[in-house]
Amino acid sequence: MCGIAGIVSSRDVNQELYEALTVLQHRGQDAAGIVTCEGDRFHLRKGSGLVRDVFHTRHMVNLRGSMGIAHVRYPTAGCTSTAEAQPFYVNSPYGITLAHNGNLTNAEVLKKELFLQDQRHLNTDSDSEVLLNVFAHELHEIGKLRITPSDVFRAVSAVHQRCRGAYSVVAMITGFGVLAFRDPHGIRPLVYGERKTDQGTDYMFASESVALDVLGFTTVRNVAPGEAIFIERNGTLHHQQCAKDTRLSPCIFEYVYFARPDSILDNISVYKARRRMGDKLADKIQKLRPDHDIDVVIPIPDTSRTSALQLANKLGIKFREGFIKNRYIGRTFIMPGQLLRKKSVRQKLNAIGMEFKGRNVLLVDDSIVRGTTSEQIIQMARDAGANKVYFASAAPPVRYPNVYGIDMPAAEELIAHDRSEAEVEKALGCDWLIYQDLNDLIAAVQRGNPDIKQFDTSCFDGRYVTGDVNQAYLDRLSDHRNDRAKLKREGSDSTIGLHNAG
């Protein structure tokens, strides 16, 4: 999962792109990058780490220009090296930079095509560089010295024909303009907005509407599945549908976990969707155990708070904050390497003993992925004196890997994979485990926009909306994503870093 932004303005955009990335920081903490265009020159700064650590004053003053794109990275494929920080750049044709949120499911096939047929060189393992080179090749094939918006849309149409998977993209062509497009299923979010000024209209693209809100842009609409929107540097906007057989199928996990609650994605309020998840969970508890003995509802900070509060209100049970979060520890779900995740939980959360002692506690989390964090939190509640510890998940059991840009681990590392709910309950060590039903989750999210007839729910049911994911692909993904493979890559990166430092 990553966060992307792009702005075309009448003034320098460096500071606003920086602010957009800080708002989107929850979508990726591995690396950050900004590229601006001044006349016929790109100015680029990117590196590993949080936004505040990558950009300093000396970098910002060099990011001149009235249009630019930006990216925060969450590694899903490849390694966590600085070389894979985005945006990526190619000089031919015209000079193009690109930032991407998602994951290409046919990246390996495309890499071979780019080398053997298109004769283009790739310098990293990132599928975002693959996507950039496919677009650059298709634009080059048009064979014109000066291109038009129609030429850009023609190249995007060719990208849709060649690329599979999830991709929300912002790109910039030197001196010409900023482009945004979305895959034919609209799996990853992308919105655009405008802001009226004395000099005209500024435009902005972002992964989430909250980035537009913070910068004073008014959201116009979502970029449609398969659509491309191109804004010339003079502020002229063009848009065109560039794909056939489109069907909006947004990733439902965005609403469960990734997106900020104050965002609106595909016309659905994330906050309201999470409230409805809490309602559905409360209904299930009342149905299964109308005579339950829950004394208090406690959320696992922070994503589950909205659902937990609504659940408590509907059940008429006390809602209390039982865990205090250290704000300077990153999301454990994003951290590479199981050992690092395991070590960070106690550093990340501290229990308020008085809220647990002698009580039957219902802990509420947004989801359970590996189960490692949940198991430790349940034990923390017991150590704090809880009488019984119940655990509720606002999402159904995560049984399958996500292949569309979320770094969910290999299937065998998911606690619910090949386990019944009773077996997961035992593995976690709680007294009662309540999962959200998938139909209830879909209903909770879909109510915000009934026009959406299908969501990507693949991590819950194994149904991949692009139709090109088979067991062989999942096996290759498992070999690449499991902790052993990640630790091996991290060790290799460390060795290289030491060698270069010497």
> Are F323 and F356 an aromatic pair by the rule of ring centers under 6.0 Å?
Replying inline: yes
> Would L363 and V361 satisfy side chain to side chain contact (heavy atoms under 4.5 Å, CB included), going step by step from the backbone distance to the final call?
Replying inline: CA-CA 6 Å; L363 304 179; V361 177; 3.6 Å; yes
> Are E108 and R476 within salt-bridge range, i.e. N to O under 4.0 Å?
Replying inline: no
> Does the gap between the ring centers of F258 and Y74 come in under 6.0 Å?
Replying inline: yes
>> Is it true that S249 and H185 share a donor-acceptor pair across their side chains at a distance under 3.5 Å?
In response: no
>> For a side chain to side chain contact (heavy atoms under 4.5 Å, CB included) check, start with the C-alpha distance between T303 and R274, then their side-chain angles and the critical distance, and finish with the verdict.
In response: CA-CA 9 Å; T303 323; R274 289 178 184 167; 3.5 Å; yes
> So does E423 pair up with K426, basic N to acidic O under 4.0 Å?
Replying inline: no
> Going from CG on D366 to OG1 on T306, what distance comes out if it is rounded to the nearest 0.5 angstrom?
Replying inline: 10.5 Å
> Which class fits the ring pair F205 and Y192: parallel under 30°, tilted 30 to 60°, perpendicular over 60°?
Replying inline: tilted
>> For Y255 and F455, take the angle between the two ring planes, folded into 0 to 90°, and tell me which bin it lands in: parallel under 30, tilted 30 to 60, perpendicular over 60.
In response: perpendicular
>> Taking D295 first and then R320, would you say they form a salt bridge - that is, a charged N and a carboxylate O separated by under 4.0 Å?
In response: no
> For the residue pair Y167 and F181, does the interplanar ring angle fall in the parallel (under 30°), tilted (30 to 60°) or perpendicular (over 60°) class?
Replying inline: perpendicular
